Each structure stands twice: as C-alpha cells, then as structure tokens.
Number of protein chains: 2
Amino acid sequence: MTSIRKVSAIAGVSIATVSRALKTPEQVSPGTRQKVLDAVKEAGYRPNWLATSVKTGKSKSIVVLVPNLLNAFFQRIIEGIESAAQECGYTVLLGDTQGRKTLENEYASMVLTSRADGLIQLDHCFPFSDNDAELARSIPMVSVGERIESQHHYPFIHLDNYSAGRALAHHLISYGHVRFGAIAGQIQSQIYRDRLSGFKSVLAEENIDFPDSMLVGGSYTIEEGIRGVNELMKHKKPPTAIFCFNDDIAIGAIHQLRSLNYKVPKDVSVVGFDNIRVSEFMHPPLTTIDQPAYEMGVKAVEMLYRMMHNQELLRTREIMPFTLLERHSSGPINRSTSQ
Amino acid sequence: MTSIRKVSAIAGVSIATVSRALKTPEQVSPGTRQKVLDAVKEAGYRPNWLATSVKTGKSKSIVVLVPNLLNAFFQRIIEGIESAAQECGYTVLLGDTQGRKTLENEYASMVLTSRADGLIQLDHCFPFSDNDAELARSIPMVSVGERIESQHHYPFIHLDNYSAGRALAHHLISYGHVRFGAIAGQIQSQIYRDRLSGFKSVLAEENIDFPDSMLVGGSYTIEEGIRGVNELMKHKKPPTAIFCFNDDIAIGAIHQLRSLNYKVPKDVSVVGFDNIRVSEFMHPPLTTIDQPAYEMGVKAVEMLYRMMHNQELLRTREIMPFTLLERHSSGPINRSTSQ
DNA sequence: TATTAAAATGTAACTTGTTTCATTTGGGTG
DNA sequence: CACCCAAATGAAACAAGTTACATTTTAATA
C-alpha cells in the first residue's frame, strides 16, 4: 500500500501539504495542488481510511442489527436506512444476528470499539452483553419497529400497531366473521402486545368471544403459519378468519389451509401484516397491513444523526401511519360451512 | 473513550504490558494480568478497533457486493458467507449496490482504502471504477454465481448452469411439451448464456423448434415474469411450457397466467430457478433448480481467505452441483388445449 | 552465594493521516 | 527598498494501538 509519505516524496512537498491538498484544497496553492494530484496518480495512492478514522475519532459508519435478513419487511427498512445514511455521508454495516445473542453482542460492540458511531436496532432487545451494558449507556442508538425492552430511554420509531390490529378486526367483522384465530410472531414484544390488544379490543366491543386457545404462534416464519393452522383447525369449532402477525406466517397458513382442503377465502379468511413483495402475487393475493418500512428506515437515520452530533431530538418516539390493503385472502363468511 | 494509557495508569504498568495482557496473556505474569484485567474493568476499556487495524494493516473485514438484497437467492449465499467468515475471524460488510455503478464503485473501493481486506462479488461486472482499475489488479476478489466479465483471472464459483438448463428441458420434454417459451433474467451474462444454451441444446437434439420470439425477458424480477407472460401468450401458438430464469420471474409468470385464465400446470407448465424459500409454498409449489447457495457462500470465503493470506489456490474455478426439484408447477401437456 | 538463562516488563519506534504551531514565501503598500 | 500581513508550507505532535529491542526481575543451577 502506498502511503502519504510516498506521495509527498514524489511531489517534493511535506506530508502535511499532501493531506491538505486532498482534504482542504483551498489551503494549497494551485501549483502545489497540481503537483500533489499528479503524484497521487503516479503513486496510485488511496488514503488509508482506517488511519483517517483513528485520527478523527469518527468512523462515519453506523451498524444496523437485523434479526433476520430473509425477512422482506426488514429489507425495506434497510433500503431506507442505506439511502438516508449515504445522503449524510455514512456507511452502513449490516449485522445479521439470526436471533443469536452472541452475534448480536458482537455487532453491537462495534459501536464501543470505534468501528461505528451509532446503532440502529431492528429487534426489540437490548443488544449489548451484560459486560458492555454499562459502557453502552450513552451510545447513540435508535430502534425501529420495536421499543428497546427495559431500556425505554432510547428513541424509537414504530407503527401504530394497536390501531392496525383494530383495523384488521373491523375488516374481518365487516365480512361477518365471529370465530377468530390468531397466529402470533415473537411473543413478549411490544408489537405482539399492541397488535393483539388492538385486535381484541374490537372483538370485546362487539361482544365476540376470543378464547386463549385461539391464539397460537411464536415466531415470524412460514413454518409457524403451518403449525398454527394445524393447531387452530383441530378445534371442533375452528376459526373462519385468521389474523397472522406477519405475511410470512400468512403464507404458511394459506399453504397449510389448502393442504387441509380449506378454500381461502371461501372457508377461511386470512390476513397478514407488513405487505412484503410477494404478498401481492400470492394466490390469493394477501390482505395485509402496509407499513411505511422505507420511511421508517429514513426516519431512524435522521434521529440517529442528531444523536451522533449531540443535537437535541425533537421527540423520542415516532409513530408511523399504516394502510390496510384489502386483497383477496379475506372475504365474506361462508354461512353453509361455518357451523 | 478510555484509551490504553488510562488503563496503564490505573494498573500501574506500561501500555505495552496492557497490550500484551489482552492480546498475548501468556507473555504476562498472572499477577499483572489480573491487575490489568481489573483496571480494564474499572476504566470500562474497549480497545479501539481502528487503531489496532491501522497498526496491523489488516481490517479483518471482507466486503460483499450484492446487486439486490431482496433477491432471496443472494440471501442464502450471504448467510453462507457470514457463517464462514465468522469462523475465520472476519467481519462481513454488506454492500447493497442496487445495480448502481456508483454505489458499486464506492463499496468496492473499501478494499483499496484498507477498510476491507478482500471482496466477494455476487454480480458479474468488474466493480471498480476506471480510476481504480489499475490499483485493483492484485486485490483479493472472488465472484459467486457469475464470472467477472472481461477480467477472467479472478477465481469464481458457479453452478453448472448449462447442465441445469438441460435438466429442465429434459424434464419438460418428458411431459410431452414441444412448444416452449423462456423468460430470461439479466441478458449479457454468463449465466444467461449457459442456461439458455443448455436448454436449447436439448431442444435441438430432439428436433424441437425454439424461435427467437419465444425468448423474452431482461431482469430477475416478478414484474419481468408478468411482462414476459403477456408477451409470450400473445402468439397464435403460445408455449405450453415456460422456462423462467429464476423463481421471482416464475412467481410473476404464474400470477399473470392465472390472470389470463390459464391453469398452471394444466394449461401451461412453469419452471423456475434457485429454489428460494417461498417457492415451496406457492400455489402450485414451484418446480425449480435448487442451487447450493449457502455452500457457495462458504466456498467463496474459503477461496478468498487463501488469497488474502497469499496461499496458492487449488483451483480458480469451482463448479457446484444442482438438484432439480420436481414440484407441481409443471406437468403433462394438456393435449386438448395445446393445439 | 554467585551465575545465568528465562521470564516479565518498560522504552521508544512504528503504523498512517490530521492538525497545531512555527516558519517561510509572496505581494502590496509606504 | 523596507515593511507588513496574508498565504503557503513544513516540522512535529497527535490519535491509539502494536512490537522490536533493551532492561529488569525471577528462579534455577553450580
């Protein structure tokens, strides 16, 4: 690797002048500037990014913790993050944690070792190891989708999950459904509580019973959708409408309903959440909640930027709007088969 | 940020000893080691990763250029890369290029500025800008899926796309099909040429005509599948079997065939490529080629590792095996409707 | 107890750029 | 031509580690 000293030797100037010619060209006379530029080209010089960062103390990078890169919803958020980060001169380091605590700890600690200046968490847990917890106190961090559990002072951006749950319930009730099932994703998260309580609140208002046995699930995967349907449809009076906590679950659910010879939506209505890319192209196309994932990513970077530059945050919590997309996986109850 | 000097002050030893106590503890007496460890804890010290890297001249990172993070096939490769990289102590920097040249240049140049020690390219183009091309000559780089165009000295890992194309053709011919269509992804890539010529070679052997008008496409997207079907089914004698160059295209194709009131596979058989996650859960489940994407990622890291450590490569080209998964989007020709 | 090799530790140089402070150069004015 | 301020440049300190080399300490042997 050619260094700045080599360039300075070729150009016949000091290393300080080379540095200035590249970083603050207006501080250098046109003649020297040209000499330096020529020398740079001749030497094939590229400044060592590490050296610059170690001197300035800023890595100009942010690390993003993603529980699962396969999740199409997260991908949209990431796109938003990357585009916004680039806008303000930051590089994004993607940490695919695969839900593993050790991996998460490791990526998070990048922010403690000057490898990154800030952190965006897409999961709901506090990403630092117990060892690092103390140090991490004052780190710039924002979370998207979920609120950092037991560390409520970190700013976060999320959907109005409660209202979305209500919207889905209203949608299904308007089709005449009265027997509901739900397949949840990760339990013990704010998202879970909000979506569920929103959904339940409407049922309660309408005096519709929703026994605990009709709530199953545990992870945001296709497999969970399959398992969930198997469980729900075992009941003597199975649900005629199923609320899946994300589109992956819904895809699995619809697949399994078909395997069990139920027609969707004729026999069972299914609704999802997130509006991932394929939802629209499934058969039937999925009724779901569209989240402004991209915008959420952008917002996250904006907030993080302010934190990294010690600027005051306007607010520590950002609630984003959603849209209910009524497609064809939900429909009117089939009075003949729903006894 | 607390530095190593602070720790050395607390522990009452030199900074060299602190460094040794942490990096090569066997070189330090147990007593001092403990003193240092205590001081580290007291100071809340984490070594500055940038400083370490700048001194050792190694970032222990590799950058991966992904044309499109949304592509489920790439994701599998990335998983393999990340797992293998972690194994040998490297961090993965994901660069989502979104097919944009400037972004690609920027991420690629990380390897020229000591931000990364090596590069894995998932696209087929030479990722450096013209300016950097010279410097990039001897950079550790391997490509997965595609061969770096016009720079054939870089090692690469790919599928036997030619044979896979043949396998799909045989599969469809065995069902009695004789009128074929194909919806390609990115033209002008080795993958395109290999899959197509493999497919065509079988048709030629069987004296089946495959006019140019039956080959459409241009990108690996759902939308391309939709467009492609619209185009192909316009013909007086439309195909009864369509070879989609990846699963996304196939998803779009099936969706659009259904919109045009064709039954899959009764009226038209559709085959895909890649075996992404949802393929299995589509309706009908997709007949496709399974690529060992994860293993390809692992292999890529292995090769890159050798290059980064100046070890001889066993071979500069790695061909991976595939599996034809016969599911339900392909089936026997329907003699009554295929006139 | 003296000798000596091995182990432990410290000093200072080194990695590469940036930046402060001092010095030199340049051009305009009196 | 001397003077002065500003612009341009250089020397050296700095960021935060690692490491070669020198020095001190320890422990074992004679």
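Quantities reported herein were computed from a predicted structural model and do not represent experimental measurements.
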Atom [atom1] of [X] and atom [atom2] of [N]: how far apart are they, to the nearest Å?
| X | N | atom1 | atom2 | answer |
| --- | --- | --- | --- | --- |
| B:Trp49 | D:dT18 | CH2 | P | 13 Å |
| B:Lys6 | D:dG17 | NZ | P | 12 Å |
| A:Arg5 | C:dT15 | CZ | C1' | 8 Å |
| B:Ile15 | C:dT15 | CD1 | P | 16 Å |
| A:Arg115 | D:dA16 | CZ | P | 18 Å |
| B:Glu26 | C:dA8 | CD | P | 10 Å |
| A:Gln34 | D:dA8 | CD | C1' | 17 Å |
| B:Leu50 | C:dT15 | CG | C1' | 13 Å |

Problem - Any A:Asp123 side-chain heavy atom under 4.5 Å of A:Gln186 side chain - result: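 In short, these two side chains touch, coming nearer than 4.5 Å.
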Practice task
Assess whether atom CD of B:Glu26 is packed by more than 12 heavy atoms of other residues, nucleotides or ligands within 6.0 Å.
Solution key: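 Yes, enclosed.
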Practice task
Decide if atom CD of B:Gln311 counts as having more than 12 heavy atoms of other residues, nucleotides or ligands within a radius under 6.0 Å.
Solution key: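 Atom CD in B:Gln311 is packed in, count exceeds 12.
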Of the nucleotides [options], which has the atom closest to the [X] side chain?
| X | options | answer |
| --- | --- | --- |
| A:Thr32 | C:dA8, D:dT9, D:dG10 | D:dT9 |
| A:Ser3 | C:dT16, C:dT18, D:dA16 | C:dT16 |
| A:Ile4 | C:dG17, C:dG10, D:dG17 | C:dG17 |
| B:Val54 | D:dT9, C:dT16, C:dT18 | C:dT16 |

Looking at [X], I'd like to know whether one of its side-chain N or O atoms comes within less than 4.0 Å of OP1 or OP2 on [N].
| X | N | answer |
| --- | --- | --- |
| B:Ser29 | C:dT9 | yes |
| B:Thr17 | C:dT9 | no |
| A:Lys23 | C:dG17 | no |
| B:Tyr45 | D:dG17 | yes |
| B:Ser14 | C:dG10 | yes |

Practice task
Describe the nucleic acid contact of A:Ser19 in one word from base, sugar-phosphate, nothing, applying a heavy-atom distance below 4.0 Å.
Solution key: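 Contact class for A:Ser19: base.
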Exercise for the section: Report which part of the nucleic acid B:Arg33 touches: base, sugar-phosphate, or nothing (heavy-atom distance under 4.0 Å, all strands). Expected result: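 Nothing, no heavy atom under 4.0 Å.
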Practice task
May I ask you to decide if the ring planes of A:Phe128 and A:Phe126 are parallel, tilted or perpendicular, using 30° and 60° as cut-offs?
Solution key: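 Rings of A:Phe128 and A:Phe126: tilted, as their planes differ by 30° to 60°.
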Practice task
Identify which one of A:Glu104, A:Gln151, A:Arg147 satisfies the side-chain hydrogen bond (donor to acceptor under 3.5 Å, both in side chains) criterion when paired with A:Gln121.
Solution key: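 Option passing the side-chain hydrogen bond (donor to acceptor under 3.5 Å, both in side chains) with A:Gln121: A:Glu104.
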Practice task
Examine the base of C:dT18 for any acceptor or donor lying under 3.5 Å from a partner atom in the side chain of A:Lys55, and report the outcome as yes or no.
Solution key: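 Flag set: donor-acceptor pair detected.
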Practice task
List for me each residue that meets salt bridge (Lys or Arg N to Asp or Glu O under 4.0 Å) alongside B:Glu146, sequence neighbours excluded, and say none if there are none.
Solution key: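 B:Glu146 satisfies salt bridge (Lys or Arg N to Asp or Glu O under 4.0 Å) with no other residue.
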Handout entry: Donor-acceptor contact present, side-chain A:Arg306 to main-chain A:Glu312, <3.5 Å
Key =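 Yes; judged by distance alone, with no hydrogens or angles, the pair exists.
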Handout entry: DNA chain C: 5'-proximal contact among B:Ala51 and B:Val28 (nearest heavy atom)
Key =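 That would be B:Val28.
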Practice task
Go along nucleotides 20-27 of chain D 5' to 3' and tag each nucleotide: B for a protein heavy atom under 4.0 Å from its base, S when only backbone or sugar atoms are that close, - otherwise.
Solution key: B-------
Practice task
Check whether the ring centres of B:Tyr154 and B:Phe156 lie less than 6.0 Å apart, and answer yes or no.
Solution key: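 Between B:Phe156 and B:Tyr154, which both carry aromatic rings, the centre distance is not below 6.0 Å.
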